[in-house]
Amino acid sequence: MSLIKLEKISKIYKMGKVNVQALYDVSLTIEKGNFTGIVGPSGSGKTTLLNILGCLDKQDSGSYFFDNQNISTLSNIETTIFRREKFGFIFQTFNLIPVLTVYENVEIPLALLGVEKRERKERIMNILKEVGIEETFNRLPSELSGGQQQRVAIARALIKNPYIIFADEPTANLDHATGSKIIELMKNLNQKLGITFVFSTHDNKIMNAANQLLILEDGKIIS
Amino acid sequence: MKKDNYFLFNMSIKNLLLYKTRTILTFLILGFGIFTYIIVEGMLDGMTNQTVESIIQMQSSDIQIYPEGYNKEEQFTILNLKNEDEITKILDSKDYVVAYSKRITFTAMLELSSGMSPVRVFGINPEEDEKTLKLMDYLKNDIKIAFAKDFDAFFDTIPACIGKALANELNLKEKDNFIISFKTKDGMYNSINLEVFSIFMTSDSFLNSSCIIIPYNVAKNSLNIDSATNILVKTMDLKKVKNYTFDLQKSLPYTSISNWMEEGKEIIEISKTKGKFSGVFIIFILIIASIGIINTMIMSVHEKTKEIGTLKALGMSEKEIRKIFSYEGFSLGLFGSIFGIILALPLNYYLARVGLNVAAMMDINIIAEFGLPLVLYSSFPIKGYISAFILGVFVSYISTYSSAKKAAKLEITKALRTI
């Protein structure tokens with residue numbers, strides 16, 4: 001059953017007077033529960049595609065169906081609420097809020113969804129345990145290792161039980177061993193909780209873990 | 001506060017605490033501005049109050065009764081009250097009249113070998129005068145005895161009290177003699193020989209620099225008039241002086257009734273100018289504080305671009321992003337204003353209770369010339385506190401508006417690319 005369906009998505013960036021076509025008539029389908037990797041050389045359009053899939057950016061043409069709903073036509077605020085309720089994000093540089101503790105960083109999505117404080121606590125502690133960093137809940141991101149920070153980012157993405165998690169090169173800023181552990185964690189969560197993962201990567205390990213690979217070249221899916 | 005709002009507020013406070021030095025500097029600028037405004041406002045307000053009080057206590061009392069047709073500008077024309085007995089009878093019958101004192105007021109030329117100087121002369125009866133004014137507090141204790149004698153202006157040396165600035169200007173000391181010349185009621189020229197009995201320094205610059213006080217009867221006889229030129233009236237309630245003035249004018253239609261507000265018009269005008277100065281001053285302070293806050297917020301948005309992108313990606317709306325920065329500005333304004341008020345309170349209290357010792361800071365002759373009080377008391381400007389607080393918070397909030405708007409409008413993908 002398809003969770004995501006893109007039909008002839010195109011995206012052009014204006015770089016001064018020059019127009020750069022980042023995506024060219026991209027059509028694809030991602031099934032529910034997939035562990036999907038987007039791969040391709042630098043400048044092939046991986047991040048642009050991931051941004052459009054995550055509703056962080058809008059395509060110039062084409063249609064985007066999510067769970068059979070055309071979300072291309074949503075207004076800005078509707079898109080924000082859609083993203084808030086259904087999507088989780090993991091970033092290459094973790095993107096934790098430095099002034100907030102681990103607990104508070106993971107709390108952000110729940111606070112935005114208006115979840116009661118008591119329920120928040122239970123859910124946060126459970127998810128921190130799930131990703132193996134429950135003892136760090138009171139620490140600031142600056143007091144954590146890279147691997148621990150990425151685990152916090154994973155916990156933050158998971159906490160609201162999203163339909164899908166988008167990860168932009170999640171292991172790029174981690175050493176080999178830590179990267180492997182993060183991939184293992186993501187794969188386990190994918191299998192255990194059935195959460196769909198879509199990630200862009202250059203990492204062979206993560207490519208090997210994927211059950212769907214989308215190969216991009218010059219803004220087109222070639223396989 | 002809703003729970004999610006509390007989360008945003010908590011985040012904004014943590015953001016402020018992240019850059020402590022910058023936050024403290026902004027906080028200090030605003031706080032110091034609020035502090036300065038309150039202190040200046042209190043001092044200006046206190047100075048006006050003291051000046052108005054001084055007019056009432058030294059010159060005008062609450063109400064003045066003049067002859068019909070009296071014109072303050074025509075200082076050399078002698079007009080005395082008709083039906084003085086009837087006026088005093090009516091004053092005696094009014095229950096709001098606490099006391100009254102008859103006076104002879106006229107303008108004379110003070111003659112010295114060094115030259116001449118125009119002076120305002122008050123013929124007073126000390127026993128009556130002390131019931132309507134506080135001028136007696138500044139004169140020698142034995143003035144009542146000195147002025148009580150039945151003088152013959154032709155043969156006796158007449159005791160006179162003279163303002164300190166005037167005495168300084170003319171180089172007069174106690175027991176020095178001088179002559180004043182003036183026109184009598186009939187238009188004849190007359191002069192009397194006076195001896196400096198005491199030199200006074202009050203909080204009224206006009207009295208200090210231009211006035212001479214002589215016994216009532218001497219003034220009356222020398223001007224060749226049979227009644228007072230004006231009567232000062234002390235009432236029960238200063239706040240009701242307008243009503244009393246109206247009532248007295250109705251009872252005494254053949255007189256011209258004035259009150260301290262009309263006498264102190266110039267001071268009230270000065271007070272209005274002070275209000276304008278005060279307004280300009282607070283605008284100036286708030287502009288400086290705004291620049292500080294705007295700078296802080298621009299830096300804050302710049303430094304948090306990536307965080308803003310992340311928060312928007314996580315589903316934070318533009319409104320919620322705006323709130324975080326607005327809360328930052330609001331908190332800066334709130335705590336800065338409270339800090340300014342806390343800083344101002346003890347000094348304002350001290351200046352209101354103990355006062356500023358002007359005598360210790362300035363030459364006594366300058367104080368006399370400008371009629372400054374020896375001790376300047378601040379008021380406790382409740383309105384100033386409230387307006388400073390509201391404006392401090394409001395300006396901070398407004399100053400963050402454009403930064404907050406800019407933050408909210410950042411494109412997610414661009415913001416996320418920021419290093």
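Quick caveat: nothing in here was measured; it's all calculated off a predicted structure.
Few gaps surround CZ on F65(A); more than 12 heavy atoms of other groups in view lie less than 6.0 Å from it. The number of heavy-atom neighbours closer than 6.0 Å to OH of Y13(A), taken from other residues, nucleotides and ligands shown, is above 12. Crowding of E122(A) atom CD: a count of heavy atoms from other residues, nucleotides or ligands under 6.0 Å not exceeding 12. The environment of NZ in K58(A) is crowded: more than 12 heavy-atom neighbours from other residues, nucleotides or ligands sit within 6.0 Å. Atom CE of M15(A) sits in a sparse spot, with 12 or fewer heavy atoms from other residues, nucleotides or ligands closer than 6.0 Å. Crowding of K406(B) atom NZ: a count of heavy atoms from other residues, nucleotides or ligands under 6.0 Å not exceeding 12. For H202(A), the NE2 atom is densely surrounded, since the number of other residues' heavy atoms within 6.0 Å is greater than 12. Taking a 6.0 Å sphere around NZ of K5(A), one finds it holds 12 or fewer heavy atoms contributed by other residues, nucleotides or ligands.
Along residues 75-98 of chain A, the residues that come nearer than 4.5 angstrom to chain B, judged on non-hydrogen atoms, are I77(A), T80(A), R83(A), R84(A), F89(A), F91(A), T93(A), N95(A), I97(A), P98(A) in order of number.
With a 4.5 Å cut-off on non-hydrogen atoms, E320(B) touches chain A through its side chain but not through its backbone.
Atoms NZ and CG, from K312(B) and L56(A) in turn, are 10.5 Å apart once rounded to the nearest 0.5 Å. One finds the CG atom of L416(B) at 9.0 Å from the CG atom of D168(A) (value rounded to the nearest 0.5 Å). In this structure, M316(B) CE and L112(A) CG are separated by 4.5 Å, a value rounded to the nearest 0.5 Å. K117(A) contributes atom NZ, which lies 8.0 Å from atom CZ of F7(B) (distance to the nearest 0.5 angstrom). The CG atom of N15(B) lies 7.5 Å from the CG atom of L100(A); values are rounded to the nearest 0.5 Å.
Taking chain B as the reference chain and counting heavy-atom pairs below 4.5 Å, the highest number among V99(A), L113(A), L110(A) is found for V99(A).
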Practice problem: Under the side-chain contact (heavy atoms from CB on, under 4.5 Å) rule, what do K414(B) and D57(A) come out as? Steps first, then yes or no, please. | Solution: CA-CA 10 Å; K414(B) 276 185 188 168; D57(A) 206 352; over 6 Å; no
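Evaluated for a side chain to side chain contact (heavy atoms under 4.5 Å, CB included) with T413(B), the options T48(A), I52(A), N51(A) yield exactly one hit, N51(A).
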